[in-house]
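This report refers to the structure that appears directly beneath it.
A, B, ... follow the sequence lines: proteins, then strands. Residue 1 opens every chain.
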Amino acid sequence: MTNRFRTASGGRIDRTAPVTFRFDGTTYNGFKGDTLASALIANGVHLVGRSFKYHRPRGFLSAGSDEPNALVTVARDAARTAPNLRATQVELYDGLTAASQNRWPSLNFDAGAMNDLFSPFLPSGFYYKTFMWPAGAWKRFYEPKIRAMAGLGVAPTLPDPDRYTQNYAHCDVLVVGAGPAGLAAALAAAESGAKVILSDEQAEFGGSLLSETSAAIEGKPAAKWLAETLTNLEARDNVTLLTRTTAFGYFPHNLIALAERVTEHLAAPDPDLPRERLWQVRAKEVVLATGALERPLVFPDNDRPGVLLADSGRTYLNRYGVKPGERAVIFTACDAGYRTALDLATGGVTISAIADLRANLDGELPARALKAGIDVRPATVVTGTSGRLRVSSADLGKVKGGDVASPEKVACDVVLMSGGFTPSVHLFSQSRGKLAWDAASGAYLPGTSVERERSAGACRGVYGLQRVLEDGYAQGEAAAKASRDFASPSRGATPAPATSSRAFPAQADDLGTDGFIGATPHGRNPAFTKALVDWQNDVTSKDIKLATREGFRSIEHVKRYTTTGMATDQGKTSNMNALGIVSEALKEEVPKIGLTTFRPPFTPTTFGIFAGAARGDLLDPLRKTAIHDWAAEHGAAFEDVSMWKRAHYFPKAGEDMHAAVARECKAVRSSVGMFDASTLGKIEVVGPDAAEFMNRIYTNAWAKLEPGRLRYGVMLREDGFVMDDGVVGRLAADRFHVTTTTGGAPRVLAHMEDYLQTEWPDLDVWLTSTTEQWAVIAVQGQNARAVLQPLIEGIDLSKEAFPHMSVREGRICGVPTRLFSVSFTGELGFEVNVPAEYGRFVWEAIFAAGEPFGITPYGTETMHVLRAEKGYIIVGQETDGTATPDDVNLGWAVGKAKKDFVGKRSLARDSMSAPDRKQLVGLLTKEPAIVLEEGAQIVADPGAPVPVPMLGFVTSSYPSATLGRSIALAVIKGGRARIGETLFVAMPDRAIEVELVEPAFYDPKGERLNA
Amino acid sequence: MQKFSGFELFRRALGGHHGWQPQWRTPEPKASYDVIIVGAGGHGLATAYYLAKEHGIRNVAVIERGWLGGGNTGRNTTIVRSNYLFDESAGLYEHAVKLWEGLSTDLNYNVMYSARGVLMLAHNHHDEISFKRHVHSNRLNGVDNEWLNAEQVKEFCPPLNIKSMRYPILGGALQRRGGTARHDAVAWGFARAADSRGVDIIQNCEVKGIRRGPDGAVEGVETSKGFIGAKKVGVVAAGHTSVVMAMAGVRMPLESYPLQALVSEPVKPAFPTVVMSNTIHAYISQSDKGEMVIGAGTDAYTSYSQRGGLHITTHTLDAICELVPQFRRLRMLRNWGGIVDVTPDRSPIIARTPVPGLYVNCGWGTGGFKATPGSGHVFAHTIARDTPHAINAPFTLERFRDGFLIDEAAAAAVAH
Amino acid sequence: MLIIDCPWCGKRPEIEFRYGGEAHIARPADPSALTDQEWADFLYSRTNPKGLHAERWRHIHGCGRYFNAVRDTVSDFFVVTYKAGEARPDIGGDK
Amino acid sequence: MLERSMPTPVAANPLDALAASSRPVEAARLTALGPAARLAFRGREAAISPAGDAFGVALPREACRSHQAEGRFALWLGPDEWLLIVPGAEPAPIFAAIEAATAGMPRSLVDVSARSVGIEIAGAKAAFVLNQGCPLDLSLDAFPVGMCTRTVFHKAEIVLVRLAPDIFHIDVWRSFAPYVWELLEEGRRELA
C-alpha cells in the first residue's frame, strides 16, 4: 500500500530507509523514524482499537505516551509478545507485526459493540447495583462473563526469553525530559562541571522542538540549534545521555527510577543485549522538565476515529511528514488550535472551519488564520460528529448565553481539538511535593517541595520558547550550584526563583495560557450523547455527574466509582476535565474537589526490569557445600534448606527414598556412615569475657565447661521461646566454637550481636562467623573410630583420652582439623571440621578409608530418622516458635541457678508453665506398619462433633528400619502426664490409634555412644 | 434505602439515571452520640452497621479524617481466606468468611465476593509439614483447606511454573472458599447500609483528642469540627491506632509499617485463582477488570509515609516472574503503599481497654481486609455489651502480659 | 531505598542496613524484679509515633555496628544519626 | 609413614569450573584468585597497634580504608574490626605472631582463610558491571583507590576493595562465590 497521506517532503523520518510492517494481517509501508501510529496514519488507517466497555471504534487521540486509545499487541514470536503497547510509542522496524485488541471477530465488525446499544443500562458503577440475584450466580455466571469482556490485550503464554538488567547510577544533576527546558538545564549544569544525566522517553531528544518547522533559537532554525546543542552535550564526559528512557518513579531520598528500552526498536536485537534496563539513579539534585500535555475537549462523539488532539496532529505533520487527514475541522479553546490549522494549511490540508469556544479572538494566531482566509467561528462548539468508523462531519453550533444554536454540519475527515495544556506534574507529585492551584492558567503547578528537585519550563506553567529555554537554563544552573553544597538527602527546600545568566533569543508562536476544563455545552439531550472524558475506560461526562448525584463528592471517590483516570494512561488526558465536571456539578471551586494522587509508574513499566537478572538459579544465592559436587556425582537427591542445597538421600539404582533411607540407617546402626554437616552455622566467640557472654545468651551454664569439652546449648528469644540450639565446644578459656541450626545461623549471629553491642558493650568478647570456614563431616557408627584413626595425626582417639562430647585440635590427612566426639545419631560418632577448601579432599579420604567397613554416605532424611529414634529434637520441627525448653524436654539444659539469661524472665510467667502446655512425647501406632503424617492432629475422641478438640500434632514421623516399625514424635497438651495413654490421630478417612511413649525409641540408656 | 437491582437499574435508565439518591448523606455532627467509631474504613463502617442492625444502637457516628474507605480498605490486595492454624484465629476468620458469603445480599450491594480459591505454595519440607498441620487442624475446625501435590497445584493453576525454578514447588494448601472481593464496594456497601439505618458518617473530620471524665471514663472526642460527646468510643484507625490511643493515654503494643501493592495493565483472563507464597514473598490474583493484583512484603522500618522503597517492589516482582515467567513482559500500571499496624504476635486486638468506654480494634497487620465483616460484627458486640463476643474473647490486650500469644507466624516459623 | 548516614561509614543505601526497632528501650538490669505488666511493656509496648522517632539501625552489610537515628516517620527523612550508647539528641518529638 | 601413604592435600576453589569456561571481555576482565591467608582481627584500643606491628602492616584507623605492604593487606571493616589478607600464604604463622604480640590483651583473632574466595574484576567497565548489583557510588571521588568496605552485590554480601582506578578486589563467602561470579558474567555480557 502507498503512503497516501505522506507529505512530499519534510519531517524527521528517513525517506531513504523504507520499512514494511504488518497490522492486523495487512502489510504496510513506512519509514525509519516512524512510529507505528504515524506509519498507519500515512496509510490512511485511523481505526486501531475498540474501547474497554462499549467497544466503540477508536482511532489515535495523541502522538505520545498519553495515548489512551491506540493500544496494540506487538509480537516478535510466540514468547516475545507484549500486549497494550501504545502505537504512538512503538518505533517502526522492518518486519514489525502488530495487532489490535479487545475486538471480536474483527476490528471493523466487533460483536462487543452491542454493549454500546445497552450503554444506558451500563452507567458507572452498574455492577455494584446488580448481579446479586440469585445468590451464587455472581461467581458461576456473571463474573466469568464480565472477566471475559474486560481486560485489554492477551497476556503472553510462554516464558519471556529476553534478558533484563539493572544499573545503579549516581549524579549531581538528573534532568528528566529533553525538550527545550531540559536541554537548557542539562547544558547549564554540564557547563558548570556537574555530573549530569539527561533522560527522555522518546527515541530522539528535542521534545516539542521536534515538531517545530518555523521556530528559531539564537538565530538558527530550531532543528539546527537542537543538533548543535546535542553535539555539545555528547562531547562532554560529565554528561550521560539516555534516550528511549522513561523516568517512571520518584522514590524517597532522590532515587529516581528510569526504564531504558535498549533493543525494542531493533529488527534483529543482539542476544547479548538486554531488552530493557532499570536505572536506579541517586541524584543530588533533580530538574524536572517534563513539559505539558494537551487537553482534549469533552463534547458529544469526541471519541470517533479521526478526532485527535490539535498539537498531536501538528506533530504528525511536522515531525513525521504525515497528514492526519485532508479536510480538518478545528475545535479549540486556545491558540494551539490555530497554530495547528496554519501548519496543516501550509501542509496542504483543507481547513473547513475553526470553532473557537472563546468569544473574542484578539490573539496574533487567530489574526493570521483570518488573514489566511480560514473560516474562523468565535463562541462556537462542536455538538457532535458523524461517521461509522471514521469521522465524516462535525456539527458546529454557536453558543448563545447558556444554550447552543442549532448546529451546522461541516464535512471533514479529521477533527483536531485543543482545550489548552496541562503541566505534567506527575513526578513532582510522586516526590510528595505539594501542588498549588493556579487560577490564572487554570492548572495545578508545583508548589512546596519535599525532595531536592526543581521544575523547569511548561511542567511548571512557563510557556513561550524563549522563556522556557531561559527557565531551563536557570534551573540547571541553580541545581548544579545546589549539588555542590549537597550535604545529605535531607528534605529539599522549595527552590527560590532563579534567573538565567544566559539569554536565549528565540522566535516562536506564543500560545498564551488560555484553555478550558470540563465539558463543553452542546444543547442536546444528554440521554442520547456520549461525551468522553476518559477514552480508554469509556467514562463520559454523564457518568461523572451521576457519581456526584450518588454522593461521591471527593475526587478519589468519583475516580474509583466511575474509574475515570484509572486506565493505562492514568488519566493523563482525563483528570483535569473530570475535575472540571465535578466542580461544575457540585458548584465547588476546583481546588476544593481535591486532586487524585499521582502514583508510579509514570507510564506502564515492564515487570522484567524489576526482576532483572534475578531469575532461575540466580533468584537467590544457591549455596553449595564443599562436598556438594561429590554428592551430585554419587547420585544424591537434594533438598532446599534455606539457601542451601543439602543432600537428602543417596539412592542406588532402583531405590526410592524409602529404600535408600532404610539402607543408610542400617549402615550407620550396624557399621558406619558419613554425613555432610557443613551447612550448620558456626560462630567463634572469642575474648576474655566469652564465658560470661555465653552465660547470658544461652540457658545453660558455661563457666565450668573445661577447655576441650563440648556441651549442647539452648538459646531463647527474650519472650522465652526456643530460638535455636547447637553443640558448643570450648577450645580455650577465652574461645568457644559455637554451632547453630542451618537456617538459624544468620538469625543467631544477629541476635548475639544485638545484645553484645547494645546491652553489654562493656564485655570484652567478639563474634566471628566461621560457618563457611569449616567443612563438617560427621562419621557415625560403631566403626567410626576405626575409620578415622589411621587418618589422624596428633589426637588420641581412645575413649579414655577422647571421651564423648570432647573437642581436640590436630591434623587429618595432613589438614588441620577440629575434631568433635559428638553424635546426633546415638551411635559412637565424630564430627570432622576441616578448612572448607579441603572439605572434598578429606571427605574422599575418609570414604576410601571406610570402604573396608562398608562406609555409607547418608543424607538429611536418614539423619532425621536416626535422631528421631533417639528422641533428639530439631528446632523448627519439634519446636515452632511457641515452645519453651520444658515443652520439648530440655528443662535440664536451663541453668536454674543463673540469676538471668535472655528469656529467663518470660519463662516465669504462669502461662509458660501451665499444665496443659503442649509437651514432647513419642507415639507408637497400634498398627506398626502405619506411618503417621507429619502435621496430623491428635484427638481424644475422633467421633466428637466439629469443632473437634485437638490435643496436639505429629511433629516427626518415619518408618524405622532399625526398629522394624513406624515411630513418631508429637507435642501434646499435658503430654508427659499422659504417657501410656492411647489417643487418636484424626485423618479425613479414619482415626489412627496411637500409644503415647517416652520419646526415645532406641538405646534409651545411650550405651552405644561410648562404644 | 433505595433498592439496588437489575430491575431498578433498568427502570432508572429510562429516566436517564436521574432518580438515584446519594448512597449516603453528608451530615454535620450532632452534639453527642451513643457510640462514636473513629475511622471509616471497612472495619469501622461494618462495626457501625452491625451496631445498628443487630444491637439497635442507631445513634452512632463514624468519624473519618479523610474520605471513607480511603485507607487500607482501598489499598489492599483483597484476599479473603480463613485457613488459619490456631482455633482462635480460625474461629475469627471463618466467622468472617461466612458473612462474606451472604454479604452482597445482606447489604444489597454487590461486593463481588469471588470464591476463586486461595492457594498457598510450599517450597520446602518445612512448608509442607506446616501446611499439612494447617489442613488437618482446619478440617477438625470445620474450615475447608486441602493439600495439593505439585501436579495438582499445576492442574489447579496452570500458569504456575512449578519445576524449573530456584525453589521448586512441592505442593500447596488450597482453600476453595477463599477468594477476593471488591474493596471499594465493601466500604461503600457498609457505608450505605449503615447510613440508611441512621448512622452519621462524618468525613473530613479529624480526631484531635479523646476527652475523659474525672472517673477516667470516655466522654467524647475533640475533632476538627469541634467536640462530639459519646458514651462509648471505638477506635478502628488501623495504622494510626497508636496515635489515636495515645490521645487517651494508652500505649499500644503496635508498630506501623509501610505495605506496598501494585497492579499490572489489564489483560484477558490469564490467572484463575489467588496464589500466595510466603517463602518467596509473592501474592498474586487477577481482578475482574483484568489487572494482576500483586502484594509485597512490608518495608523494614515503621512509617506513616504511605510509600516504601523500590527495592521491595523489585524483590516482589522477581518472585512473581519466577512463579509465572510468562508475565515478565506484562507491565506495572500502578504501585502504592498503605500503613499496616502490626502486633507482636501478628494477631489483631479486638477488645476493651483500660479506659472505661474506650474500645479498640487494631493490629490486623497485612491481613485485615479478609476479616472486615467478622471484625465489625464481633467488635459491635463488644461495644454494645461491653463484653467480648466468644469469638474475639482471646484477642485481648492482656494476652501480651500473660503470655497467651496467638502467634500464627511463629507457628509457621522457618528454621532447621 | 533510603540513604542512611552511618556514624562510622557515612551515607549508605538502606539495603546495607537492618532496622532494629525503637531505640532507648534498655533491657532491665534485674528482670526478675519486674511485674508481668512491666516486663510486657519492655517486651512489647512501643511509642510508634507519627513524627520524630528514635530508632536503632545496624549497618549489617557495612561496619556491622548498631547505631541510633531520629527519623520523621511522616516524611522518612532522617534528622540525625548517632552512635549506640550516646544520648538521644534533644530535638523534640516523642521521647 | 603416614605422610607416605597419604596423598597431598588438594585445596579446591568453588569457582574453578566457572572460571575455566569464562569468555574474555576486555572491558571487564574476571579472575578467580587463589588461596590466601585471611584473619579476622577484633579488639580494643590497646591491641590495635601491637597487632599491626606483628602483622607488618599498620591497621588503618580511618573508616573504609586499607593499608598494604609487601603483599599484605589490612582492611578496615569496622571500628574494631579488620580483615587481614596475605595472598598465597599459610595462615598459621601469621596467626601465631599476632596472637603472641597481643597475648593477654582484649582482642579476638580468628582464622577465616577458607571462609571466602577472592575475585578480581578489572577494566574500563569494571565499575559499570559492579554497579549492576552494587548500590554504591563507584566514581573515583566517592570510592577512591584504597577504599574498602563490606557492601552488597545483588543479594550477596561482599567485601569490595579498589586496588587501582579500574581494578577491584571482591572477597566473598565461599558458597556465595558462584552466585556473584555468574552475575558478574551476566553483567558484562553486553560488553562482549
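Nearest heavy-atom pair across C:Asp76 and B:Arg307 is OD2-O, 4.2 Å. The two residues C:Asn48 and B:Tyr304 come nearest to each other via the heavy atoms O-OH, 2.6 Å. Listed here is the closest heavy atom pair of C:Val74 and B:Ser305: O-CB, 3.2 Å.
Here the straight-line distance linking atom OG1 of C:Thr73 with atom CD of B:Glu255 works out to 11.5 Å at 0.5 Å rounding. Between the CG atom in B:Asp299 and the OH atom in C:Tyr19 there is a gap of 11.5 Å [rounded to 0.5 Å]. Distance check: C:Leu2 CG to B:Tyr301 OH gives 4.0 Å after rounding to the nearest 0.5 Å.
Heavy-atom proximity under 4.5 angstrom to chain B picks out nothing from residues 24-35 of chain C. Residues of residues 309-320 of chain B that come closer than 4.5 Å to chain C, counting heavy atoms only, are B:Gly309, B:Leu310, B:His311, ordered by residue number.
B:Arg251 places a side-chain N or O within 3.5 Å of a backbone atom of C:Ser45 that can act as its donor or acceptor partner.
Counting heavy-atom pairs closer than 4.5 Å to chain C, the top residue among B:Ser303, B:Pro253, B:Gly308 is B:Ser303.
Between B:Met252 and C:Arg46 there is no side-chain heavy-atom pair separated by less than 4.5 Å.
C:Arg18 does not touch chain B: none of its heavy atoms, backbone or side chain, sits under 4.5 Å away. Looking at C:Glu38, neither its backbone nor its side chain comes within 4.5 Å of chain B, counting heavy atoms on both sides. With a 4.5 Å cut-off on non-hydrogen atoms, C:Leu43 does not touch chain B at all. Using a 4.5 Å cut-off between heavy atoms, C:Trp57 touches chain B through its side chain atoms alone. Proximity to chain C (any heavy atom under 4.5 Å) is restricted, for B:Leu405, to the side chain, taken from C-beta onward.
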Go through the steps for B:Thr302 and C:Arg71 under the test side chain to side chain contact (heavy atoms under 4.5 Å, CB included), then give the verdict. CA-CA 10 Å; B:Thr302 64; C:Arg71 180 177 52 93; 3.4 Å; yes

